[in-house]
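We name chains A, B, ... by the order of the sequence lines, and we start the count at 1 in each one. Values reported hereafter were calculated over all heavy atoms of this structure, with side chains retained and with hydrogens, waters and symmetry mates removed.
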Number of protein chains: 2
Amino acid sequence: MPDRHTLAETEQATRERVQHLPLDFAASHALLSLYRAANAVRGHLTNNVLRPHDLTWTGFLVLWTLWIWDSMETRDIAESVGISKGTLTGVAKTLASRELIERIPSTADRRLVNLKLSPAGVELMEEIYPEFNKTESRIVGDLDARELDTMTSALRTLVETSEQS
Amino acid sequence: MPDRHTLAETEQATRERVQHLPLDFAASHALLSLYRAANAVRGHLTNNVLRPHDLTWTGFLVLWTLWIWDSMETRDIAESVGISKGTLTGVAKTLASRELIERIPSTADRRLVNLKLSPAGVELMEEIYPEFNKTESRIVGDLDARELDTMTSALRTLVETSEQS
DNA sequence: TCCAAGTCGTTTGGATCCGAACAGTAACGC
DNA sequence: GCGTTACTGTTCGGATCCAAACGACTTGGA
């Protein structure tokens, strides 16, 4: 056995290390798994689907959000994608320079800027997303419907719990 | 209703947008929830527990890994934490400059470098981790034991599935 | 009307991260 | 021996990210 440790081995070693402390192991291992899973999935999708199209993970999420919701104010996009306003400014600049999105200043409130997919952006999403989704489907393919459902709703609970503060 | 969209609203809008395409919605929403949950949890723990101690998320994970496993070769640490070798070099340099870890070159194979927690590092972990874990426990507190268990094992399955490739 | 407070997107500075290129070291076949 | 191959940790360039500061703009009460 090499020094590479599986999640299960890490769990066991953790118990031995901090046995004397009153800790919530279930919580710790759940969130460690959460972080590792998100990283692994993100990396896999980025390398196998997004990189060939020269798209960033964040960039793709922005495009996808705009695709679903048509047009949005930048503050809402940032909140929806889960990045800061400042980060979105840079990402939007990159996407706009590739003419995948359009910047539409609001006339009612001149502080606001709306973003919108360009025709080329729509075309790109209609090409990429089926492929992206096929990979997503393969990733969760080892879970049965009940597991997937429970996991999804549990994750949503975590989002709500940890975002309010 | 403002333009802030919940995960449930996003799910509904997605269905309407791509109704005509043969897509795996369950997979898509599961992974969207996964990514959002990981981000929310990481942000919450970083801001509320780690930042007061001037620790990075990645830095904490490295310290935690060394705490659990005593001493490790850098390649295994990077793989365990889920970062590249190059990133670990920088993080280790930062932690070493704060004298939280020690670099121990291997005598048997002079390419290898082992990292090890310093006494100060051990002290820091014993101070921080109970606090960290208490927050973790609170985050998953809205889930019952069955949900938490199913979620954790499902996440482990995702790690295994998406890391092999 | 006017100004103080709030909100918007942007900019800035610094930290983090990855992937590729790199030099040093080990292992193995011939 | 000795060169080829593989593998280590490091370095480098570029992209991403956040938090804080900022200017532009709107709002609402005095």
message = Between L88(A) and N39(A), which residue's closest nucleotide on DNA chain C lies nearer the 5′ terminus?
response = L88(A)
ask   = With nearest nucleotides of DNA chain D determined for L112(B) and G82(A) from heavy-atom distances, which residue corresponds to the more 5′ nucleotide?
value = L112(B)
task = Kindly say if T87(B) contacts the phosphate of dC18(C), meaning a side-chain N or O under 4.0 Å from OP1 or OP2.
result = yes
Euclidean distance, atom CH2 of residue W57(A) to atom C1' of dT16(C) [Å, nearest integer] = 19 Å
request  = Ignoring hydrogens and angles, state whether a donor on the side chain of S84(B) or T87(B) is under 3.5 Å from an acceptor on the partner side chain.
outcome  = yes
inquiry  = Among residues at least two apart in sequence or on other chains, which ones pass side-chain contact (heavy atoms from CB on, under 4.5 Å) with E99(A)?
reply    = none
inquiry  = For R111(B), give me all partners under salt bridge (charged side-chain N to carboxylate O under 4.0 Å, His left out), at least two apart in sequence or on another chain.
reply    = D109(B)
query = Taking the side chain of T74(A) as its heavy atoms from C-beta onward, which of dC8(C), dC18(D), dG9(D) lies nearest to it?
reply = dC8(C)
query = E79(B) has an atom CD; how far is it from atom C1' of dC18(C), in whole Å?
reply = 16 Å
ask   = The side chain of T56(A) lies closest to which of these nucleotides: dA15(D), dG9(C), dC18(C)?
value = dA15(D)
query = Are OP1 or OP2 of dT11(D) and a side-chain N or O of K93(B) less than 4.0 angstrom apart?
reply = yes
task = Tell me the stems DNA chain C sits in, counting at least three consecutive Watson-Crick or G-U wobble pairs, each under 3.5 Å on both distances.
result = C:1-30 with D:1-30
inquiry  = Minimum heavy-atom separation for L63(B) and L124(B), please, with both atom names.
reply    = CD1-CD2, 4.3 Å
note = The complete set of side-chain hydrogen bond (donor to acceptor under 3.5 Å, both in side chains) pairs with one or both residues in residues 143-160 of chain B, sequence neighbours excluded, reads E11(A)-R156(B)
key: More than 12 heavy atoms from other groups under 6.0 Å of CD on E123(A)   = no
message = Going by the rule side-chain hydrogen bond (donor to acceptor under 3.5 Å, both in side chains), which residues pair with S33(B) if we only count those two or more places apart in sequence or in a different chain?
response = none
query = Between R75(B) (CZ) and dA26(C) (P), how many Å, whole number?
reply = 13 Å
ask   = Can you tell me how far P of dG14(D) sits from CG of D54(A), to the nearest Å?
value = 15 Å
task = Can you sort out the partners of R138(A) under salt bridge (charged side-chain N to carboxylate O under 4.0 Å, His left out), two or more places apart, ordered by chain and number?
result = none
key: d(CZ, F60(B); C1', dT16(C)) in whole Å   = 18 Å
inquiry  = Can you list everything that forms a salt bridge (charged side-chain N to carboxylate O under 4.0 Å, His left out) with D24(B)? Sequence neighbours excluded, please.
reply    = none
query = What residue pairs, at least two apart or across chains, pass side-chain hydrogen bond (donor to acceptor under 3.5 Å, both in side chains) with a residue in residues 60-70 of chain A?
reply = D70(A)-R17(B)
request  = Answer with base, sugar-phosphate or nothing: what part of the nucleic acid does N47(A) contact at a heavy-atom distance below 4.0 Å?
outcome  = sugar-phosphate
request  = Round to a whole Å and report the spacing from CZ of R51(A) to P of dA15(D).
outcome  = 12 Å
ask   = Within the structure shown, what part of the strands sits under 4.0 Å from I83(A) by heavy-atom distance: base, sugar-phosphate, or nothing?
value = sugar-phosphate
What's touching nucleotides 22-25 of chain C from the protein side, N or O pairs under 3.5 Å?
{"from": "dT25(C)", "atom 1": "OP1", "to": "R110(B)", "atom 2": "NH2", "distance (Å)": "3.2"}
{"from": "dT25(C)", "atom 1": "O2", "to": "R111(B)", "atom 2": "NH1", "distance (Å)": "3.4"}

ask   = Of all the nucleotides listed (dT10(D), dT11(C), dT7(C)), which has the minimum atom distance to the side chain of T89(B)?
value = dT10(D)
task = To the nearest Å, give me how far apart CG (D76(B)) and C1' (dT8(D)) are.
result = 12 Å
request  = Measure from CD1 on I104(B) to C1' on dG9(D) and round the result to the nearest Å.
outcome  = 16 Å
Below 4.0 Å: OP1/OP2 of dA19(D) and any side-chain N or O of S84(A) = no
